[in-house]
Amino acid sequence: MKTIHKIFIAGLMLFITGGIIVSCSSTKDTYTAATDVEEEFKIEKSGAQLWGEACNRCHLAPSPADYNDTDWSTISLHMRVRANLTEKEITKIETFLKSAN
């Protein structure tokens with residue numbers, strides 16, 4: 001009698017576990033990926049904001065008047081790689097620096 005009772009309890013536990021697994025799984029694609037939400041609610045920063053944040057991470061940000069447009073183009077290419085900036089970000093920063101010098 002004890003063996004039948006143990007088999008019954010084990011079967012019941014497997015049945016309940018299977019039911020939980022099936023009920024928790026979903027075949028619907030109703031969720032939104034985190035990257036989609038980030039893109040949707042991303043606030044665009046200006047070139048000046050990006051310049052201040054990116055340059056001050058590693059060193060004091062130089063004044064826009066310290067270099068001419070050609071120098072800023074060269075510096076932008078170098079710092080894009082060093083600061084791991086996107087093309088869009090470095091373009092905004094470079095536009096700001098060239099307009100401010």
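By the side-chain hydrogen bond (donor to acceptor under 3.5 Å, both in side chains) test, D69 is found to be paired with N101, residues two or more places apart in sequence or in another chain being considered. For T74, there are no side chain to side chain contact (heavy atoms under 4.5 Å, CB included) partners, not counting sequence neighbours. By the side-chain hydrogen bond (donor to acceptor under 3.5 Å, both in side chains) test, T95 pairs with no residue at all, sequence neighbours left out. T86 is linked by a side-chain hydrogen bond (donor to acceptor under 3.5 Å, both in side chains) to E89, counting only residues two or more places apart in sequence or in another chain. With sequence neighbours excluded, the residues forming a side chain to side chain contact (heavy atoms under 4.5 Å, CB included) with H59 are C55, P62, M79, listed by chain and number. Listed by chain and residue number, H5, M13 satisfy the side chain to side chain contact (heavy atoms under 4.5 Å, CB included) test with I9 (two or more places apart in sequence, or in another chain). Considering only residues two or more places apart in sequence or on other chains, I7 meets the side chain to side chain contact (heavy atoms under 4.5 Å, CB included) condition with T3.
Residue L50 is tested with I90, I93, L85 for a side-chain contact (heavy atoms from CB on, under 4.5 Å); the sole match is I93.
The list of salt bridge (Lys or Arg N to Asp or Glu O under 4.0 Å) pairs with a residue in residues 45-68, not counting sequence neighbours, reads K45-E53. Listed by first and then second residue, the salt bridge (Lys or Arg N to Asp or Glu O under 4.0 Å) pairs that reach into residues 78-88 are E44-K88, sequence neighbours excluded. The list of salt bridge (Lys or Arg N to Asp or Glu O under 4.0 Å) pairs with a residue in residues 10-21, not counting sequence neighbours, is empty.
Going from atom CD1 of I75 over to atom OG1 of T70 covers 10.5 Å, rounded to the nearest 0.5 Å.
A donor-acceptor contact shorter than 3.5 Å links the side chain of W72 to the backbone of P64.
Taking the side chain as every heavy atom from C-beta outward, F96 and S46 never approach each other to under 4.5 Å.
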